[in-house]
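First up is the structure itself, then whatever we jot down about it.
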Amino acid sequence: MKFLSFFFQVACIGLLIIACNNTPNSPTISSTPNQECVNNYNPNQDYFPEKATINYANGFTIEYKNNYKIVTVKNPWKDAKTSFKYVLVNCGTRTPKGFKETEIITVPINTVASLSTTHLPHLAKLELVDKLVGVSNLKIVNTPEVVEKIKADKIAELGNNNVKVERLLELNPDLVTTYGTGNPQTDSYPKLLEAGLKVAINAEYMENTPLGRSEWLKFTALFFNQEDIAEKVFSKISKNYQEIAAKTKAIKKRPKVFTGFNFKGTWYVPGCQSYPAKYLADAGAELLCVGNSSGSIPSSFEYVFERAATADYWLNVSQSWQSLKDLIREDSRYSDFQAVKKGNVYNNNARLNENGGNDYWEGGISNPDVILADLIKIFHPELLPNHQLFFYQKLE
Amino acid sequence: MGHYKKYKYLGQKWKNINSYKLIVITILFSSLIFAFLSNLAFGSVNIPIQQVVTILLGGEAQKTTWTTIILKFRLPKALTATLAGAALGVSGLQMQTLFKNPLAGPFVLGISSGASLGVALVVLTANTTGMSTLFINLGIIGDLGLVIAACLGAALVLGMVLLISHHVPDSMTLLILGLLFGYATNAIVSILLHFSENNQIKSYLQWTFGSFGGVTWQQMVILAPVILLGLIMALLLSKPLNVMLLGESQAQTLGLAVQQTRFWIITSASILAGAITAFCGPIGFLGVVVPHLCRNLFKTVDHKILIPVVAVMGAILALAADLVSQLPGSETVLPLNSVTGLIGTPLVMWVILHRRSRFF
């Protein structure tokens, strides 16, 4: 009996200690009432005077109604059988009937957690980084505005494949932006939906054109009712992209380029409808590609060697390679490529942060015009004499 | 005593069917040569047979890329497959005899788990910990880095097993400890996978698929002598292995230093399995299947015959599996382990259903 009461006391003290230690050090969330909430709802008024139009992205559509907008993500992952619908209802107006509870999202949202670094440049471009409360991995972030906020300890780390759902529930953001791969074991969104969070699946990686990917900026903007800024920012990017792409149209001599590297007997070769193929076509070069897929296929070293032995340039090699010495040490057979002999190897790892987070896959997705300028500078330097390589570097 | 009689009986039966043995051995060696040459002749790139012959004889090919492909890609790959098949087969045979367990293979003592832990540490913690930053600074992460990491991991587990083998009375305990090592290392790998990015997980998975294509001539200079050393050790151990078949206590009464023999068997089997795993990834099935296949085919348990025969048969199967995985003529390739698994599963079934040898 004595022992039991002693045990009980110890347990109580233990619980108290745990409770005291558990004071949340979570980032402060501004819980000020939403300024843009409508006070006197008028069903006949158009609450979205600024509308987004989609010109390049194929993965989502927007349908505007007076007080809500229906966003459909058509192709959330490869060979997806399902699509996702989001009904963005303006705050203070009536919620339309006939939609599932999980599909209804009240906009503009005030706080957001982003589980992919590719969504962060959107927030920076829309000047909404102050709304960001959590990211998947603090270490690999490159977007300067977000890095600054991380340094000030104002952003929570939520994990990638295994999202810390409890931490997210504690933060309780208005929206979690994530992506799906179609694998229910690794995808985070089912768990988040189950937990009652509002989730938006961003499928920009399914787009096979550079401008298509970067146009998902507008997708992010929809949830903040920031269509006007998104339109302005994106039209500048697309105009810039088209202008520099036009410079290569007349070029007859298109250098042959191959990408990727051998890893344990497998060399991934991009399909001819893929994102890199589009970039290289716009940059006035010709990519070694296979088939009409938009993904890539596992191929063999000898297959690539046979086709690329005399190619002019080798791009997008292993992220850890910083010099030609690195790649020859890795596999001496690489030195048989003409591109290596001539020193024409360029890697997209010029902007790695100290933890290896590559800005090419973060800021690069949102700034396709800069990547295109890099590529043209590599293949046809005379077309862009003043451009300095930004995402790419020459391996010496 | 009964076992011993049977063993002698089988040995005598052998002498009676010497011509059968000769025929099978001739077939086996010609198959090996055929498999090796097929491996050189066929691949993703179509190279005419005459051209392949010209290149192998030191002649000038129509295209210089073909010379490079044959001499720098296919030749080391075929040699690696030959060495790997032989090494894994012999290593599996030794383990099956040592543990008297038909399902034992080269990796029962946790060698491949140790190697995977090494690889997982490098691939999955890349860019996030001090250790991998060190690897990057040395510039060895990637194929070669993985070889070193896998070597260290396999050596670590091997070291622990050998240390314990001196203090453990019987092999069964050692087998269980080996399995436990495997579970423990897998648990750590799972934790690492759990916290990794998708592309890191993909790199790790790619390693577990296995491949003979990663070995260049520079690496062959290391791999080939190590495997040859392991195989010679195995051959020298064939007599004690035969005695071990009678059981450890029987072997002891016959004057065999069981503890010491066990140490050398484990050492040679682990060198073979560890080196191959380091350079090619964890290649499944071959090590388990080939010894059974040869015992059934040659109707013997004499290691003096089995070890060379298993080595040749292992090499043939490895060369065949690699050829299939290259899907000759197509631009894509299959994971090697899927092919060994697909060939291996029906073979194991056949072996289990037609098991003759009663030594296990």
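Here is how names work: the chains are called A, B, and so on, in the same order as the sequence lines, proteins then strands, and each is numbered from 1.
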Quiz prompt | Stepwise side chain to side chain contact (heavy atoms under 4.5 Å, CB included) check, A/Tyr268 with B/Gln206 | solution = CA-CA 12 Å; A/Tyr268 282 92; B/Gln206 192 77 49; 3.3 Å; yes
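- Summarising the geometry, atom CG belonging to B/Asn46 is positioned 9.0 Å from atom CD belonging to A/Glu306; distances are rounded to the nearest 0.5 Å.
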Exercise. Determine, step by step, whether A/Ser332 and B/Thr216 satisfy the side chain to side chain donor-acceptor pair (under 3.5 Å) criterion, reporting the C-alpha distance in whole Å, the side-chain angles of both residues, the deciding distance to 0.1 Å, and the verdict.
Key: CA-CA 7 Å; A/Ser332 53; B/Thr216 57; 4.5 Å; no
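- A/Arg333 and B/Pro76 make their closest contact through NH1-CG, 4.5 Å (heavy atoms, listed as atom of the first residue, atom of the second, distance).
- Heavy atoms only, all atoms of each residue included: A/Ser299 and B/Val333 are closest at O-CG2, 3.6 Å.
- Within a 6.0 Å sphere centred on NZ of A/Lys341, other residues, nucleotides and ligands contribute more than 12 heavy atoms.
- The shortest non-hydrogen separation linking B/Val45 to A/Glu302 is N-OE2, 3.1 Å.
- Taking each heavy atom of B/Trp207 and A/Phe263 in turn, the nearest pair found is N-CE2, 4.4 Å.
- With a 4.5 angstrom heavy-atom cutoff, A/Ser300 touches chain B via backbone and side-chain atoms both.
- Across all non-hydrogen atoms, the minimal contact from B/Thr332 to A/Pro298 is OG1-O, 2.6 Å.
- Of all the heavy atoms in B/Ile69 and A/Phe305, the pair that sits closest is CG1-CD2, 3.8 Å.
- When heavy atoms are compared at a cutoff of 4.5 Å, B/Glu331 approaches chain A by way of both its backbone and its side chain.
- Ranked by heavy-atom pairs under 4.5 Å with chain A, the list B/Lys77, B/Lys72, B/Gln218, B/Lys63 is led by B/Lys72.
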